[in-house]
Amino acid sequence: MSIFKHKFFKPFKNIFILILVAFAVWMLFFDTNSWLIHHELNTDIEDLENEKEYYKKEIEKDNENIKKLSTEEGLEKFAREEYYMKRENEEIFIIEYEDSLKVEVNE
């Protein structure tokens, strides 16, 4: 019993303080609404908000691309760059560099 005579353990002789400490530990770690669960849920909320911002930016980019493709010049530019289309009596030369070519390595 000499361990409880230390001045650190003096407050724990009071039953109300023991109950308060037990309640605090229960609420912080073991309850269904514990601090650990709240921390995990707050982290999930932050991740979802970041994802929401990312998708909003992507929607803005897509709307800009739609506006560009809705004009005659934008549609022609897209067709020329992506599908190598051309007008009548026009020739297209595609220049490829060695470092941009895909090389298959067979082992």
Side-chain angles (χ1 to χ4, degrees):
M1 294 304 273
S2 65
I3 197 166
F4 290 111
K5 290 185 180 179
H6 196 272
K7 69 179 181 179
F8 176 73
F9 291 110
K10 213 174 234 186
F12 292 107
K13 287 183 181 179
N14 190 343
I15 188 73
F16 295 113
I17 293 178
L18 282 175
I19 291 172
L20 181 66
V21 168
F23 178 74
V25 167
W26 179 265
M27 293 306 287
L28 285 174
F29 300 108
F30 301 116
D31 192 43
T32 57
N33 298 320
S34 69
W35 176 80
L36 296 173
I37 292 174
H38 275 283
H39 179 69
E40 186 177 318
L41 291 175
N42 286 337
T43 305
D44 289 344
I45 288 171
E46 289 175 6
D47 291 342
L48 290 172
E49 286 176 350
N50 290 337
E51 193 173 329
K52 179 180 171 183
E53 289 299 318
Y54 168 76
Y55 285 123
K56 280 184 177 180
K57 289 177 184 175
E58 289 296 315
I59 288 172
E60 289 174 11
K61 287 180 189 177
D62 290 342
N63 284 335
E64 288 175 13
N65 288 336
I66 289 172
K67 285 180 184 177
K68 286 179 186 176
L69 290 176
S70 64
T71 64
E72 189 75 27
E73 293 105 17
L75 190 60
E76 182 178 345
K77 180 180 177 185
F78 179 77
R80 287 174 173 266
E81 290 176 358
E82 295 296 319
Y83 297 108
Y84 306 116
M85 293 184 159
K86 62 178 186 153
R87 293 182 182 162
E88 281 187 39
N89 301 325
E90 186 177 64
E91 292 184 21
I92 296 179
F93 298 98
I94 300 172
I95 301 171
E96 294 181 346
Y97 298 101
E98 284 186 29
D99 58 351
S100 66
L101 296 176
K102 295 181 182 177
V103 178
E104 292 185 24
V105 177
N106 293 328
E107 292 181 16

- [ ] Using a strict cut-off of less than 4.0 Å between a Lys/Arg side-chain nitrogen and an Asp/Glu carboxylate oxygen, indicate whether E76 and R87 qualify as a salt bridge.
- [x]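 Here E76 pairs with R87 in a salt bridge, since their nearest N and O are under 4.0 Å apart.
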
What is the distance from atom [atom1] of [X] to atom [atom2] of [Y], rounded to the nearest 0.5 Å?
| X | Y | atom1 | atom2 | value |
| --- | --- | --- | --- | --- |
| D62 | Y55 | CG | OH | 11.5 Å |
| E72 | L75 | CD | CG | 6.5 Å |
| I45 | H38 | CD1 | NE2 | 10.0 Å |
| E51 | D44 | CD | CG | 11.0 Å |
| L20 | I15 | CG | CD1 | 11.5 Å |
| L41 | L48 | CG | CG | 10.5 Å |

Task: Minimum-distance pair of heavy atoms, taken over all atoms of D31 and I37 - done: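 Shortest heavy-atom contact: O-CD1, 4.1 Å.
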
Open item on the list: If you compare all heavy atoms of L69 against all heavy atoms of G74, which two are closest, and at what distance to 0.1 Å?
Closed with: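 Nearest heavy atoms, L69 then G74: CD2-O, 3.9 Å.
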
Open item on the list: Applying side chain to side chain donor-acceptor pair (under 3.5 Å), can you list everything that pairs with E64, at least two apart in sequence or on another chain?
Closed with: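 Applying side chain to side chain donor-acceptor pair (under 3.5 Å) to E64 gives none.
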
Side chains of [X] and [Y]: closer than 4.5 Å at any heavy-atom pair?
| X | Y | value |
| --- | --- | --- |
| F29 | V25 | yes |
| E90 | R80 | yes |
| E40 | L36 | no |

Open item on the list: For E58, give me all partners under salt bridge (Lys or Arg N to Asp or Glu O under 4.0 Å), at least two apart in sequence or on another chain.
Closed with: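 For E58, the residues satisfying salt bridge (Lys or Arg N to Asp or Glu O under 4.0 Å) (neighbours in sequence not counted) are K61.
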
Open item on the list: Tell me whether the rings of W35 and H39 are parallel (<30°), tilted (30 to 60°) or perpendicular (>60°).
Closed with: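 It falls in the parallel class, under 30°.
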
